[in-house]
Amino acid sequence: MNIAAEFQAPSLEYSLLSPIMIIAGIAVLGVLVEAYAARRVRYLVQTVLALVGVVGALVATVLVGMNLESLADGAAYGSVAAAGSVAVDGPAIFIWGTLLVLTLISVLLFAERRLEGGVLSFAGQAAALPGTEAEREASTRGLEHTEVFPLMLFALSGMMLFPAANDLLTMFVALEVLSLPLYLLCGLARRRRLLSQEAALKYFMLGAFSSGFFIYGIALVYGFAGSMDFAAISEAVSGTTGGRGLLLGGIGMMAVGLLFKVGAAPFHAWTPDVYHGAPTAVTAFMAACTKIAAFGAMLRLFYVAFGGARWDWTPMIWTIAILTMVVGSVIALSQTDVKRMLAYSAIAHTGFILTGFVGVSQAGELGGISSVQAVLFYLVTYGFMTIAAFAVVTVVRDASGEATNLSRWAGLGKESPILAGVFAFLLLGMAGIPLTSGFTGKWAVFASALEGGAWPLVVVAVLMSAVAAFFYVRVIVLMYFSEPVGEGPTVTMPSAMTTIVIAVGFTATLLLGVVPGPVLDLAASAGEFIR
Amino acid sequence: MSFPWLTVLMAVPLVGAAVVAFLPRRTAEVLPKQVAFGVSLVTLAVAAAIAVGYDVGGGFQYTEELTWIEAFGAHYALGVDGLGLTLVLLTVILTPVVILASWDDGEGGRWSVNAFFAWMLALEGLAIGVFAATDVFLFYVLFEATLIPIYFLIGGFGGLRRSYAAIKFLLYSLFGGLLMLASVIGLYVVSRDSEFGPTYLLSELSQITIDQNVGRWLFLGFFIAFAIKAPMFPVHTWLPDATAAGTPGTSVLLVSILDKIGTFGMLRFCLGLFPEASQWATPVVLVLAVFSLLYGGLVAIGQNSIPRLIAYTSVSHFGFIVLGIFVFNSQGQVGSTLYMFNHGLSTAALFLVTGFLIRRRGSELISDFGGVEKVAPVLAGIFLVAGLSSLSLPGLSPFVSEVLVIIGAFAYSWWYAAFAVLGIVLAALYILLMYQRTMTGPTVPAVAGMRDLGLREVSALAPLLVLIVLLGFYPKPLTTIIDPAVQDTLQHVGVSDPAPEVPAQAGSGEEEESDQ
């Protein structure tokens, strides 16, 4: 009798996974830097390390993307790696590229020091209780937590793995890897620390709860399909006729977990509080990148694994899309804080993306926009607008830090016309006015939905866009047509880093609004998900 | 490649707007005003060159076409036919007049004089683009883009309640625009399945047969947006606030140029793309048009505020225009297109001359005036001519267009024409009552020291009045341009003029009754 069969080491296709590994590796290096580097060089080393790592991963992504093998006559590109648990295909590469570019500008936001007088906008010593001597001492000594950079990169590695995961367990691991550093980052604000810690705790509690739903859903789906692998699940869904209850329960539970992550109603309650309390740089990073990763994962899960059950989950998505758009647009009307308003607008945008979710699954021969193409394009436009908008929020300050109450923004047009103009343009972009990327993104998503026959969703979306336009325009009116309250808002001149972020976001919004062709074609050429 | 005349025509005011905006800011500086005026004259010259080279009856000319967003099927496509050329000419004639008349209106606003004139030039460029666009996507983008300059002109430089008026205008128009967006995307879906693939070119879209129900829904999206723009009853309430709050020049640009986008759109897109749906909707549209006509006139009579009065007269006039379009015969549609041009001129003259009046007195209420004609006879004279043109006195150009619209209405159904004729009586009332109360009678003390019109103001109004009188006697230059375009539209819709009721010479009038 054989004692042990020859152990077959799984082939991990390191070259295909190189972008994720670079990011994870740089993050580990960052931890080592924290342990061993002298305090005064940590900031510089961490920032440079993070930038180099992200750029390196971006280069690796481009190389991997160019060398993907084509399947099914060019309808899909890519291959399954790591013994079937990671799918490196066209959409995954597109999402990786988007995430890395957005993280690159987020690193610049994280690294901004001039706004807080030479220290990072993160807590000096997070373990010091607010209001104690230890906190004051940390502040006077100019302590900084440069761990935020490796934390961000760990979250990024999870975000990259999440949409590329090809089996349920990998997806869950990626979800946790992306979430845990973010829970921590949310609590690290330098100002209004109690609010920030409250936001972190809320995010953690609700996030853990929704992850619980997610893993329970995984258990149910595994029970139905007998395998964790998406391809096998997809076969089981199309093939098996019995046990539908298990499958539907599993889809529902997993949807709860994923919809929580993207901030869809009725799982949106965390979004305003967390976006408000977290340090604004972290809010920018989260709002853009988490949503992109989560939507990528949702697309893969629902299109590949549950593709055969499309008739079952489409009504659910319809309902949630309508609810999300209405909740996001209507509740935003009553907001008086700019970060909360942007949070509710992010919820409304989630609703619009969900509208594209139920579009046609494949483009026709003569053209047309598949839902994957539309959603990917919208995510790109949304990411740039959001990060730039939050970057502008970091710059409007008063003596106690950021002045996020809308009344403090009155008269910004007089005080700083360029900044107000940029912010007005970004708001118009979020409202979907033509010549901005918000318009072309909305157009792509609505066109895809109409082609797929979801015209009620488009009608609701158009009506909610009109409602949303009201609160966006209200901020523009406030900036330009209102007299300043008190001495008015002050715009602290940031260093080149935040300026670059705002400029990049503004340019991307303008360019993608006027010539969206190249990025749209790139999203189309990503092809379909592979099995 | 032929010279891109229309792109140049669009670009000159847009580049001029950027130049004026970045000129150095100094108080009481005339340079930005002079530059803006010069740019508008250059635009007028280019447009004149285009008009001279236009071949009547040649369909769309000066066409340019470039693929813009291939995935959407959107093209950068421009071209003018008779209808487009008429409205482009209206835009380039009115802009220098408005700039000259608004010489001093930019001061005292929220922002600099540079911004005031820059927004006006930007509006001119975008409006030219709207009238020249032959791609639905490009039209939509420019349609939405024209909202921004007007919003800032009203909100930044207007008078009382300007923020409220600006926001009301913006939200009304955005809402209409979003409804149109749903229809625009619907067009994409419809065209995707056709032989052309996804496309937004008018030339291709007008050849696709659209399913009846889908066509009706898409028509509704476009029509509601254009009805808000025109404006028609019941979505007209933004206009009186906007004209009362804005400077006279802004009101002219809004009513005489921008509102024409509504009726232009009805002709070009509603009739051009959805002929069956347009005919299906005709009964309701005609009732709304007649209602606007009468409602605008009645409410205008009772107004005490002069700009609001003129705004309601516009609601009434646009009722006439829509009536002329939807009776689907050549008299009605030629009359409508001519009406758009003439209404632009006469309302511009009215707004500008009353603007001068209001500025001198410091009040826009009729009750604050009296007997101005003794003190400022030139102003009163121009006011009278402008008012008479607005009530369509024969010999002035609006008469020709109004009579054509009413003849067209009679040819459709005498009921509508009877109500339309009532509109003429109402017009006489609102204009003459306003003139009587402000200009005639004993001179009110507050008016006693009023200056008459100066050279600059008269030279701003003179071209308008000259055109009004000339075209009143000799409208042929315009009708020769408009006729072929109207014939093309009617042929596309598939109707022909009804036979005359009274038997004329033998051999004429053999055509069948048009289907309704």
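Excluded from the calculations below are hydrogen atoms, water molecules and symmetry mates; all remaining heavy atoms, backbone and side chain alike, are included. Numbers restart at 1 for each chain; the letters A, B, ... are given by sequence-line order, proteins then strands.
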Roughly how far apart are [X] [atom1] and [Y] [atom2], rounded to 0.5 Å?
{"X": "A/I433", "Y": "B/L170", "atom1": "CD1", "atom2": "CG", "result": "7.0 Å"}
{"X": "A/T440", "Y": "B/F72", "atom1": "OG1", "atom2": "CZ", "result": "5.5 Å"}
{"X": "A/I369", "Y": "B/I185", "atom1": "CD1", "atom2": "CD1", "result": "9.0 Å"}
{"X": "B/L174", "Y": "A/S465", "atom1": "CG", "atom2": "OG", "result": "10.0 Å"}
{"X": "A/L435", "Y": "B/L142", "atom1": "CG", "atom2": "CG", "result": "7.5 Å"}

- Message: What verdict does the ring pair (Phe, Tyr, Trp, His ring centres under 6.0 Å) test give for A/F439 and B/F137, after you've listed the backbone C-alpha separation in whole Å, the side-chain angles of each residue and the deciding distance to 0.1 Å?
- Response: CA-CA 12 Å; A/F439 172 68; B/F137 191 85; 5.7 Å; yes
Would you find more than 12 non-hydrogen atoms of other residues, nucleotides or ligands less than 6.0 Å from [X] atom [atom1]?
{"X": "B/Y172", "atom1": "OH", "value": "yes"}
{"X": "B/W217", "atom1": "CH2", "value": "no"}
{"X": "A/W455", "atom1": "CH2", "value": "no"}
{"X": "B/E70", "atom1": "CD", "value": "no"}

- Task: Name the member of A/A444, A/G432, A/P518, A/A469 that forms the most heavy-atom pairs with chain B at distances under 4.5 Å.
- Result: A/A444
- Quick one: which of A/L428, A/V477, A/I476 has the most heavy-atom pairs under 4.5 Å with chain B, could you say?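 Most heavy-atom pairs under 4.5 Å with chain B: A/V477.
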- Examine whether an atom of A/A524 lies under 4.5 Å from a heavy atom of chain B, and if so say whether it belongs to the side chain, the backbone or both; otherwise answer neither. neither
- Message: Need one label for A/L520: side chain, backbone, both or neither, based on atoms under 4.5 Å from any heavy atom in chain B.
- Response: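 Just the side chain, heavy atoms under 4.5 Å.
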- Message: Could you go through B/Y188 and A/F446, starting from their C-alpha distance and side-chain angles, then the distance that decides it, and tell me whether this counts as ring pair (Phe, Tyr, Trp, His ring centres under 6.0 Å)?
- Response: CA-CA 10 Å; B/Y188 167 83; A/F446 293 165; over 10 Å; no
- Verify, without hydrogens or angle tests, whether B/W68 (side chain) and A/V514 (backbone) share a donor-acceptor contact under 3.5 angstrom.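 Checking the backbone N and O of A/V514 against the side chain of B/W68, a donor-acceptor pair under 3.5 Å is found.
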- Task: Kindly assign one of parallel, tilted or perpendicular to the pair B/Y200 and A/W443, based on the angle between their ring planes and the thresholds 30° and 60°.
- Result: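 Perpendicular, since the angle between the ring planes exceeds 60°.
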- Message: Please classify the contact between B/L178 and chain A as side chain, backbone, both or neither, with a heavy-atom cut-off of under 4.5 Å.
- Response: both
- Answer yes or no: is there a side-chain heavy-atom contact under 4.5 Å between B/F152 and A/F481?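 Yes, close enough: below the 4.5 Å cut-off.
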- Query: Which heavy-atom pair separates B/A182 from A/V462 by the least distance, and what is that distance?
  - Reply: CB-CG2, 4.0 Å
